[in-house]
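Inspection log for the structure reproduced underneath, given as structure tokens.
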Amino acid sequence: MDVTLHLAQDPAADELLGRSPLAALVGMLLDQQVPMEWAFAGPRTIATRLNVDDLDAYEIAAHDPEAFAALLSEKPAVHRYPGSMAKRVQQLCQYLVDHYDGDAAAVWEGVGTGKEVLKRLNELPGFGKQKAQIFLALLGKQLGVRPTGWREAAGAYGEPKAFRSVADITGPESLTKVRAHKQEMKAAAKAEKAAKAAK
């Protein structure tokens with residue numbers, strides 16, 4: 001894996017995401033309840049604070065939980081909820097150690113079908129169906145991981161020329177389009193909720 005991503009909109013953070021499967025997974029894990037750029041800059045911030053060039057699942061899983069939570073809480077915090085996210089990152093790393101010998105790429109490398117990759121992603125701590133589908137779409141669209149049926153398994157996120165998620169962000173212009181799509185989805189959900197309440 002060695003591609004240029006544009007998810008953090010910061011060259012150093014994006015460079016790490018493009019070469020480190022674990023950093024990409026951790027960024028995806030952090031991508032909730034905070035702006036996307038903040039989430040995907042997180043792995044680089046964690047690596048810098050650990051004084052390493054790349055994240056290591058064994059090292060993070062073995063880190064003292066309180067010290068790791070403090071590391072993520074340092075200003076600027078890695079997430080709006082640094083304590084709970086520190087726990088989730090450690091759970092993810094422990095799972096990778098237990099099931100994949102600490103190798104994040106083993107979750108998808110050499111797997112024959114998109115359905116199986118989706119199943120494996122879905123089993124990761126902190127990954128629900130939607131997160132798993134978005135990450136599968138990111139693998140296929142930008143990271144060159146294209147097992148048979150990956151687009152179908154990724155659902156709407158796998159559609160070409162869509163601007164639905166981080167999988168479709170390749171620069172500032174596409175970021176704007178994805179943001180607009182998310183705003184539309186939020187507005188539609190709000191309108192639907194209001195319509196139900198009015199009945």
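Every heavy atom of this structure was used, including side-chain atoms; hydrogens, water molecules and symmetry mates were not. Computed from a predicted model, the values in this text were never measured in an experiment.
- H99 contributes a side-chain N or O that, together with a main-chain N or O of Y95, makes up a donor-acceptor pair within less than 3.5 Å.
- Annotation: F135 is in aromatic contact with W108 [ring centroid separation under 6.0 Å].
- By the salt bridge (charged side-chain N to carboxylate O under 4.0 Å, His left out) test, E159 pairs with R164, sequence neighbours left out.
- When atom types are taken as modelled, the side chain of Q133 and the backbone of L118 share no donor-acceptor pair closer than 3.5 angstrom.
- Side-chain atoms of D14 come within 3.5 Å of backbone N or O of A8 as a donor-acceptor pair.
- Note that NZ of K141 and NZ of K161 are 10.5 Å apart. Values are rounded to the nearest 0.5 Å.
- A distance of 9.0 Å separates CG of L29 from CD of Q91, quoted to the nearest 0.5 Å.
- Within 6.0 Å of CG on D54 lie more than 12 heavy atoms contributed by other residues, nucleotides or ligands.
- Follow the hydrophobic side-chain contacts under 4.5 Å out from I134 and you reach F163 in the same cluster.
- Atom OG of residue S73 and atom CD of residue E66 lie 11.0 Å apart, to the nearest 0.5 angstrom.
- Shown here are the salt bridge (charged side-chain N to carboxylate O under 4.0 Å, His left out) partners of K196, two or more places apart in sequence or in another chain: E192.
- Ion pairing between a basic and an acidic side chain is recognised when a charged N comes within 4.0 Å of a carboxylate O; R44 and E37 show no such pairing.
- Taking CE of M85 as the start and CG of L72 as the end, the distance is 10.0 Å to the nearest 0.5 Å.
- With contacts defined as side-chain heavy-atom distances shorter than 4.5 Å, the pair E15/T4 does not qualify.
- Within the 4.5 Å cutoff, side-chain heavy atoms of L96 are placed close to those of L25.
- Within the 3.5 Å criterion, the main-chain N or O of Y100 finds no donor-acceptor partner in the side chain of D103.
- Atoms NE2 and OG1, on H79 and T45 in that order, are 12.5 Å from each other to the nearest 0.5 Å.
- The NZ atom of K131 sits 11.5 Å away from atom CG of L121, with the distance rounded to the nearest 0.5 Å.
- Formation of a donor-acceptor pair under 3.5 Å by the Q90 side chain with backbone atoms of H63 is found in this model.
- Between W38 and R80 there is a side-chain heavy-atom pair separated by less than 4.5 Å.
- Within 6.0 Å of atom CD in Q130, 12 or fewer heavy atoms from other residues, nucleotides or ligands are found, so the atom counts as exposed in its surroundings.
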